[in-house]
Amino acid sequence: MKTNCKISGIGVYLPSAVLPNEELESQFPDFKAAKIVKKIGIRQRHIAAPGETALDMGEQAAKNLFSTCPEAEEADFLLFCTQSPDYFLPTGACILQTRLGMSSAMGAFDYNLGCSGFVYGLATAKGLVAGGIASSVLLITAETYSKYLDPGDKGNRSIFGDGAAAVLISSCEEEHFGKFVLGTDGRGCQNLIVRNGGARNRTDGSPDDKLYMNGPEIFNFTIEVVPRLVSQVLADNDMTLDQIDHFVFHQANKYMLSYLGMKIGLPEDKFHIDMEDTGNTVSASIPILLEKLRKKGALHPGDRILMAGFGVGYSYGIGVVTW
Amino acid sequence: MTKEKFIEDLSDLLETDVELTLTTNLKEVEEYDSLAIMGLVAYADRNFGKKIPGEKFGEVTDVQSLIDILGAENFE
């Protein structure tokens, strides 16, 4: 049994409706479209339709993957990452197994992570394959934060977009996945939270029903953690910064990423920032960007990609993957 | 850092036409918004290696109060 991993395909799905800056500008007189593009690097975001959920979007992303990578239908494990599940129970991954017509002889579970979710998914898939538990893993990350946003919250509405991605991780002869560094700091749990609606607090019509983000604190956290993580993952993989061909970070917002890039000393031509048309799509942002790069022909076999996800939890993960 | 230099940097960061002084009430400056605060988080890290808790920015009144939050010891 082959116990090494590689990424064999990516499928992306974005809802058809878009929210352009101009629309936010018409709703909020003090919203300046030009300033938003310049500072946070977002022109528009896709927004799920009222009856469309992360699970629906994840299904579409997987179907898009199947059309270019038919072997993904034969995956024997399904990981579904979302913070917008259809139900408290059952598990979305079980519903996806049937909707996608996949074998019942597969393992499947959901996990609840945000911006770190894709990197955690890769690390988990690596463990499943290395442990001989799965031979290929369908990793689906899908998010609809729009459903948690207050219509009057122009800040978060300008940042977050909905999106989904499905990635096939296959076993192979030669290892393409380097070492991962994962981390957790629950002290930051109050800084990005939907307080009501779960078992602790029922919804009550108050602002706590909606998503709250303490932007400056999240920024402080990333400034503190991400540069250290980059050094650590490079050391763990016996690599130096100049051996990395692409830096693909969670697309939080352009300002934050530009500052992190400058602080770490990342070369601009290798540090990809592209969320103009999609916004911050949480756990889907890294694979969506990978697919954009792949389509542009920027990814070549053998390229080393350093991926980093960080945010809600706090939770963070970083790893080096060879394309 | 001199306070004059900081006021100059702050003016650039806010991209405001308002003539800033130590007593300018930032709450009345339209450009002092969440994006500006993000810029100040980076500014504090870059220039003073200092982490300012997010909620502190809500306590800002005039430019002098912002200097106090950034740490009066960092200014001449």
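To find a chain, count down the sequence lines: A is the first, B the second, and so on, and within it residues start at 1.
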Contacting moiety of [X], where chain B heavy atoms sit under 4.5 Å:
X        : answer
A:Asn214 : side chain
A:Asn253 : side chain
A:Ile40  : side chain
A:Lys38  : side chain

B:Ile52, part contacting chain A, at a heavy-atom distance under 4.5 Å: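 It is the backbone, since no side chain atom gets that close.
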
Residues, nucleotides or ligands: over 12 heavy atoms within 6.0 Å of A:Lys147 NZ: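 Yes, the 6.0 Å shell around NZ holds more than 12 heavy atoms from other groups.
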
Pick from B:Glu55, B:Lys56, B:Glu15 with the largest number of heavy-atom pairs that fall under 4.5 Å of chain A: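 Top option by heavy-atom pairs under 4.5 Å: B:Glu15.
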
Residues B:Asp62 and B:Thr23: side-chain donor-acceptor under 3.5 angstrom: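 B:Asp62 vs B:Thr23: no donor-acceptor pair found between side chains.
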
Distance-only polar pair, side chains of A:Gln83 and A:Asn112, donor-acceptor under 3.5 Å: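 A:Asn112 and A:Gln83 do have a side-chain donor-acceptor pair below 3.5 Å.
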
Side-chain donor/acceptor of A:Arg157 to backbone N/O of A:Pro151, under 3.5 Å: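 Confirmed, A:Arg157 side chain pairs with A:Pro151 backbone.
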
Option passing side-chain hydrogen bond (donor to acceptor under 3.5 Å, both in side chains) with A:Tyr314 (candidates A:Asp185, A:Asn191, A:Thr222): A:Asn191

